[in-house]
Structures are given as C-alpha cells and as structure tokens.
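A short write-up of the structure that comes next.
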Amino acid sequence: MDTSTFRAAVAAIAFIFCISSFQLTYAQDASMRVDMNINLKVDTTKVRLYEMRKDESDKVKTVTLRMNYGSAQILNPEDAAELNEGGCNILSVDVVYTDFKNEDVQDILNKKRVAELYFLCPDVFNQKMVDWNFVEQLGYATEDGAKKLFHGIVIKYLKVPFYKPESPESMFGDLSVESIGDTSLFPILEKHIKFDEELICVDLTGSMSPYYIQVFTWLHLKHNKQMLNFSFFNDGDMTPDYLKRAGRVGGVYLCKTNSIDTITNYAFKCISNGFGGDTPENNVESVIKGLEKYPKTKQVVMLADNWADMRDYSFMSKIDKPVKVIVCGMDLFGVKKPINTQYLDLARRTKGSVHTMEDDILDLALKREGDEITIDGVPYVIRGGRFMMK
C-alpha cells in the first residue's frame with residue numbers, strides 16, 4: 001500500500017515516537033487514530049553544510065529524499081521504490097534540517113519527517129543495524145538562506161540480490177570447492193557440526209545464498225553416513241508482510257537425512273516458495289518446529305543473517321536445547337558491521353554460543369546483568385537482561 005492509499009484509508013493518524021528521550025503525539029482528528037511506537041537511537045550532529053557520508057564500498061547505494069524547508073512532505077517518493085523490493089540492508093539514515101526559528105517546533109517537524117519515511121519505507125525501521133543521525137545545518141544567516149539549503153532524508157544501503165534457482169541441480173551446481181570459491185565457513189562447520197543428533201537450522205532467504213551454498217558443499221564433501229536433522233526457513237513462504245504473526249509465520253521445511261540429494265530438494269522447495277520479504281526472519285519458529293519433530297536433538301547449529309533480526313525473538317524461552325549461532329554477513333561487500341545482539345541473547349538464554357569468522361564467543365550463559373564482553377573490538381554490556389552495544 002503506497003502513502004496516498006494509506007492516507008485515503010485512514011483519515012487521521014496519531015504518531016507516538018520515542019527518539020532518544022523524546023516523545024511526540026500528532027493527530028488531525030482524535031476520533032480516528034492509528035498509534036505507532038517507534039524506538040530509535042538517534043545521534044545529533046551540527047555542521048555548517050551537510051555532506052554525504054563517505055561510502056565504505058562501491059556496492060553502497062544512496063537514496064536522497066528531498067523536502068522543502070519547514071515541510072515533512074517527501075517530494076520524490078518514487079526514488080525510494082527499491083527499498084520496498086526486499087533485500088536492502090540499511091546502513092544509515094540522515095535526517096537533514098535547519099533549525100531557524102524554534103527548537104521545539106523543529107523537534108516536532110523532524111519526527112513528522114521520520115513518520116513520512118515510515119509510511120514510505122516501513123522496513124527501514126525493522127533493521128537494528130541502522131545508524132540514525134539528525135544533522136542540523138548552521139551555514140546560513142537568514143531564513144531565506146536556510147531555505148536554500150538541502151532538507152530531507154539520505155539513506156545509504158546495500159542491495160543483496162535474490163537467488164532464484166530453476167531446479168535443485170542449477171541451485172548448487174557440482175558442489176565443489178572450485179565452483180563456490182569462498183570456503184570461509186568450512187572451519188567453523190568442521191568444528192561445530194559433530195553428526196550426533198544435531199538440528200541444522202539454516203536461513204534460506206535471498207541474502208544468505210553465499211553462506212548456505214558453503215554449508216551444502218561442505219556436507220557433500222564430507223560424505224558422512226550419519227543422519228542430520230534439518231530445519232530450513234524462509235520467513236513465511238510468500239505470505240504478505242502485514243499478515244505475518246511471530247511464532248506462526250510458516251515457511252519452515254524439515255527433513256532428516258544424510259543424502260545431499262534430499263537436502264538439495266528440501267532446500268530448493270524452501271527457496272522457491274519464498275525469499276523473506278521484510279527484514280526480520282522466523283529463526284526461533286524454525287528451531288521450535290525442528291525440536292518438536294526431532295525431540296532427540298542434542299544441540300542446534302543455526303546459520304543466521306547478521307543483518308536480520310528474529311521476528312520471534314520473544315519466543316526464545318520455548319527452546320530447551322543449546323543453540324550454536326554461526327553469524328553470517330558481518331563483513332558484507334566490504335562493509336563491516338558489529339554483531340547483532342539478538343544472537344548473543346539467543347545463545348545466552350539457551351546456554352549456547354556464537355561463532356563468527358574470527359571468534360568463538362563461549363560461556364555466555366554465565367554472564368550476568370552489567371557484565372561486559374568485547375567482540376571484534378566492539379564492547380557489549382548486559383542491561384535489562386539483554387546485550388547491547390556499550
């Protein structure tokens with residue numbers, strides 16, 4: 001539903017934001033309202049004139065949404081079309097403005113601008129890895145001068161292409177080291193998959209293709225005769241995003257096998273029937289359904305997308321086996337991001353562990369409120385029972 005259709009359906013809207021420590025309620029007609037809670041951690045910087053951030057990689061793309069001075073209306077909404085197509089990992093959002101008259105008025109205007117972005121591209125708000133920044137420009141002397149400066153929202157993102165195979169055979173080719181090139185996951189898989197009543201839980205949404213191909217190639221080259229339990233997930237097959245309900249999204253495919261042909265066929269069904277849609281994924285639902293079908297499971301090995309939150313994060317308490325999370329995508333197209341703290345929480349609460357290309361993060365279950373850890377030079381602390389970047 002585009003912005004104009006939404007506004008036609010809802011005559012008046014009330015927005016409730018929690019941006020840093022601020023809150024806004026905005027409504028045209030109290031008799032009809034839609035309340036939204038949007039929590040963002042926003043930095044504010046002051047500059048003479050706004051300059052775009054330097055890109056870390058030539059794969060970084062930019063959308064510049066223009067607004068007039070003193071207005072929240074987006075003048076070129078069509079330029080954001082790709083952000084609604086899926087597969088966009090948002091790096092940063094800059095809300096650029098000039099505070100000429102009144103700080104309180106400007107605060108409300110900025111939040112209205114964020115609301116306009118929400119209506120245009122709601123999935124931008126579903127991603128935890130986004131660097132939000134309010135940028136106040138000071139390079140003017142008069143209101144006429146302020147009007148000549150840029151006002152609007154600048155979004156930086158990475159577009160991850162969807163992988164849509166035509167057949168199981170075309171999906172993985174000859175499953176050889178030469179055909180895939182990247183084997184960086186092999187040492188992690190070798191270390192943590194023991195072929196002893198494990199549940200291998202794999203995110204098969206589009207952005208994960210460079211990683212799950214490595215998993216299947218490694219399994220093919222192992223030629224192991226012992227069975228493994230698999231739970232593949234795509235976050236709901238082709239269910240529209242607005243119909244997805246955490247814990248029962250669907251798009252989970254289960255099998256118990258030692259045959260690479262069987263694995264390939266199930267993976268192909270999963271990938272063909274859905275590619276994820278919005279950013280959050282049904283990781284926990286996939287684990288729960290796998291454990292229900294394979295109750296003898298001793299541990300779960302999950303391949304997870306660092307850029308994607310768990311849609312069903314609140315259901316983690318239903319998992320009664322340790323989860324080893326192999327986090328993929330922390331270095332995507334040369335852009336490095338810190339670890340998604342939801343996977344630290346999952347490992348801690350299930351007495352499991354987290355594994356990256358560089359580190360094994362163990363004994364998380366021993367960590368208590370206020371404890372700190374450092375991963376790849378980034379400090380994290382437990383506050384309110386959850387990990388967060390310090």
Side-chain angles (χ1 to χ4, degrees), residues 86-87 160-239 249-277 281-283 285-287 289-294 296-297 299-305 308 324-329 355:
V160 182
F162 286 127
Y163 183 57
K164 192 75 172 179
E166 296 181 358
S167 67
E169 294 74 24
S170 66
M171 182 167 58
F172 301 122
D174 61 3
L175 288 177
S176 66
V177 171
E178 292 76 15
S179 67
I180 65 170
D182 184 4
T183 60
S184 55
L185 279 182
F186 280 27
I188 302 176
L189 301 172
E190 188 72 35
K191 186 175 182 179
H192 297 291
I193 296 180
K194 302 302 181 183
F195 295 91
D196 184 19
E197 290 297 344
E198 288 156 304
L199 174 66
I200 312 301
C201 185
V202 187
D203 180 348
L204 293 186
T205 55
S207 59
M208 284 289 288
S209 58
Y211 309 104
Y212 62 64
I213 289 176
Q214 291 188 58
V215 175
F216 299 133
T217 302
W218 180 80
L219 289 169
H220 172 64
L221 297 176
K222 285 291 289 183
H223 298 296
N224 202 294
K225 295 181 179 180
Q226 292 172 282
M227 296 282 192
L228 281 173
N229 308 311
F230 292 92
S231 181
F232 303 134
F233 62 97
N234 65 25
D235 195 52
D237 290 335
M238 300 302 290
T239 303
V249 171
V252 177
Y253 295 76
L254 306 170
C255 66
K256 184 182 184 75
T257 185
N258 61 359
S259 166
I260 194 63
D261 290 335
T262 302
I263 293 170
T264 300
N265 283 324
Y266 274 87
F268 174 73
K269 289 179 183 178
C270 182
I271 295 168
S272 299
N273 289 339
F275 48 76
E281 314 292 6
N282 59 332
N283 307 61
E285 179 185 1
S286 176
V287 174
K289 287 186 175 179
L291 293 178
E292 288 174 349
K293 187 172 180 67
Y294 309 115
K296 293 183 180 180
T297 295
Q299 71 170 4
V300 179
V301 178
M302 175 189 289
L303 268 85
D305 184 354
K324 290 186 172 183
V325 186
I326 299 174
V327 182
C328 304
H355 307 276

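- In this structure, OH in Tyr211 is found 10.5 Å from CG in Leu303, a value given to the nearest 0.5 Å.
- Shown here for Met227 and Asn258, the closest heavy-atom pair between the two residues is SD-N, 3.5 Å.
- Side-chain contact check for Phe230 versus Val215: every heavy-atom pair is 4.5 Å or farther apart.
- Once rounded to the nearest 0.5 Å, the distance linking CG of Leu199 with CD of Gln299 reads 10.0 Å.
- Counted within 6.0 Å of OH on Tyr266, heavy atoms from surrounding residues, nucleotides or ligands total 12 or fewer; the atom is thus considered open.
- Looking at every heavy atom in both residues, Glu198 comes nearest to Leu228 through OE1-CD2, 3.9 Å.
- Considering all non-hydrogen atoms of both residues, Val249 and Glu285 come closest at N-OE1, 3.0 Å.
- Atom CG of Leu221 and atom CG of Leu189 lie 11.0 Å apart (nearest 0.5 Å).
- Distance CG/Asn224 to CH2/Trp218: 7.5 Å, rounded to 0.5 Å.
- Nearest approach of Gln214 to Phe186, heavy atoms of both residues: O-CE1, 3.4 Å.
- The side-chain heavy atoms of Thr264 and Phe216, taken from C-beta on, include no pair separated by under 4.5 Å.
- Met238 is not listed as a side-chain neighbour of Asn273, based on a closest heavy-atom distance of 4.5 Å or more.
- With values rounded to the nearest 0.5 angstrom, Ser231 atom OG is found 10.0 Å from Asn283 atom CG.
- Using cut-offs of 30° and 60° on the angle between ring planes, the pair His192 and His355 is tilted.
- A heavy-atom distance below 4.5 Å is not found between the side chains of Phe233 and Lys289.
- Note that the CD atom of Gln226 and the NZ atom of Lys194 stand 12.0 Å from one another [nearest 0.5 Å].
- The shortest heavy-atom contact between Asp203 and Met208 is O-CB, 3.3 Å.
- Heavy-atom neighbours of Lys191 NZ from other residues, nucleotides or ligands within 6.0 Å: at or below the threshold of 12.
- Closest of all the heavy-atom pairs between Ala308 and Glu281 is CB-CG, 3.6 Å.
- Between the side chains of Tyr253 and Asp237, at least one donor N or O sits under 3.5 Å from an acceptor N or O.
- Ser286 contributes no side-chain N or O that, together with a main-chain N or O of Asn282, makes up a donor-acceptor pair within less than 3.5 Å.
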Inset, instruction - Please step through side chain to side chain donor-acceptor pair (under 3.5 Å) for the pair Ser259 and Asp261, ending with a clear verdict. - result: CA-CA 5 Å; Ser259 166; Asp261 290 335; 4.6 Å; no

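- Counting heavy atoms from C-beta outward, Val300 and Leu291 have side chains that approach closer than 4.5 Å.
- Side-chain N or O atoms of Asn234 include none that pairs as donor or acceptor with a backbone N or O of Leu204 at under 3.5 Å.
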